[in-house]
Peer 1: 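Sharing a structure below in structure tokens format, with a few things to ask.
Just so you know, ligand 1 is whichever comes first in the structure, and atom 1 is the first atom listed for that ligand. Just so you know, residue 1 is the first one in the sequence shown, and it goes up from there.
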Amino acid sequence: MNDWIKLSIPHLAGNENRYASDAIESTWIVPLGPYVDRFEYELEQRLGAPHVVALSSGTAAIHLGLDMLGVKPGDEVICQSLTFAASANPIVYLGGRPVFVDSEPSTWNMSPRALERAIEDRIKVTGRKPCAIVVVELYGMPAMLDEILEVAGRYDIPVLEDSAEAIGSKYDGRSCGTLGRYGVLSFNGNKMITTSGGGALICPDADSEARVKFLSTQARENKPYYYHEVIGYNYRLSNVSAAVGCGQIEALDDRIARRRAIHDMYARAWKDSDLISVHNNPSLKYNSNFWLTTIALSDKCKPSPDELRMALLDLKIESRLIWRPMHMQPVYESAPYYGDGVSERIFDRGLCLPSSTTLSDDDVMKVIDAINAALA
Ligand SMILES: *Cc1c(COP(=O)(O)O)cnc(C)c1O
């Protein structure tokens, strides 16, 4: 696989082996331990967020975050449609009903106007306002958070920020994941940094942090025997995984710098193109980590994104279509949807380009040349 140019692969920083061996050799081959505390501390320092809980996956973090927001059977939860299924599935785990909302073109994330339309209409149809809002920061790009939080605040609906792809991204100088009531990170294998599998929930205060730690370790009450008053989960990150995370986070700034440099190379290559636009939000408020560089093909472009993807595959270059919106998924066919075709169009014309930090400048040039050749 070495000669392949891959979309996004793990990149070892140096100390992962040492820390993980240390975790294995110590008696801490049980969930929880000193590396979990240290990883949480490092995340808190890095993000400027004092209450981070390390969990077994980003999906688990969304599940617990929505549980903390009080989502119960029958409750409606608004979710960005253009996203990975893991943003929405935990709504269903809790017996809730997802209501999907379209994106807007400047960030590809939730449209504040469609959000307001959805809230108004759900109140009209059901007599109740939705219980929570899941906003996603796709491919690392912050959402229009001022506008979204203004709408959410007006109706007093809490926001869960799915920043699984956006660790290190900033919105108006603040770390993504810290702007909603709860924030979610993922350390899956293809994300910006990885613990091979893992996630974190950013909590608003010490009480909610303690509650999330309690719920994620089977909700055992403080008694000499096992005693349970509520349903818990086995969602804590293991000490060995956290040790890998401690190694990875040491390189986070370098990784973000490299992803941004790769994005800049693509952006420079097509800045005057009428066939390809490299997705970005020019406002300085929106500071993406560019986890993946994404492009949109104009209507003039002959090959479709999928044809382009296959042409690249022949050259051992991996690219990927944009997330297929949730309202276009068979499993969510019957869920309400509020939109104007923006996410459909992004799905129709978009493509994610190789953005692994292990790629050399020559690799990136090879991708650019291959795309130019395929479009010629
Ligand atoms: C990866 C991802 C998740 C889920 O994270 P896991 O750690 O894989 O469970 C959730 N939302 C988005 C937008 C993601 O990209």
Peer 1: Can you run down the side-chain hydrogen bond (donor to acceptor under 3.5 Å, both in side chains) pairs that involve residues 82-93, sequence neighbours left out, and say none if there aren't any?
Peer 2: Thr83-Ser87, Ser87-Asp162, Asn89-Tyr332

Peer 1: Write out all pairs satisfying salt bridge (charged side-chain N to carboxylate O under 4.0 Å, His left out) with one or both partners inside residues 43-57, taking only residues at least two apart or from two chains.
Peer 2: Arg46-Asp253

Peer 1: Flag the pair Asp306 and Arg309 as a salt bridge only when some basic side-chain nitrogen lies within less than 4.0 angstrom of an acidic carboxylate oxygen.
Peer 2: yes

Peer 1: Asp340 pairs by side-chain hydrogen bond (donor to acceptor under 3.5 Å, both in side chains) with which of Arg117, Arg113, Arg345?
Peer 2: Arg117

Peer 1: Strictly under 4.0 angstrom, heavy-atom based: which residues surround ligand 1?
Peer 2: Ser57, Gly58, Thr59, Ile62, Thr83, Phe84, Ala86, Ser87, Val136, Asp162, Ala164, Glu165, Ser186, Asn188, Lys191, Gly198

Peer 1: With sequence neighbours left out, which residue pairs that include part of residues 122-140 fulfil the salt bridge (charged side-chain N to carboxylate O under 4.0 Å, His left out) condition?
Peer 2: Asp75-Arg128, Glu76-Arg122

Peer 1: Mark yes or no: Lys223 above the aromatic ring of Tyr225, with NZ or CZ under 6.0 Å from the six-membered ring centre and no more than 45 degrees from the axis.
Peer 2: no

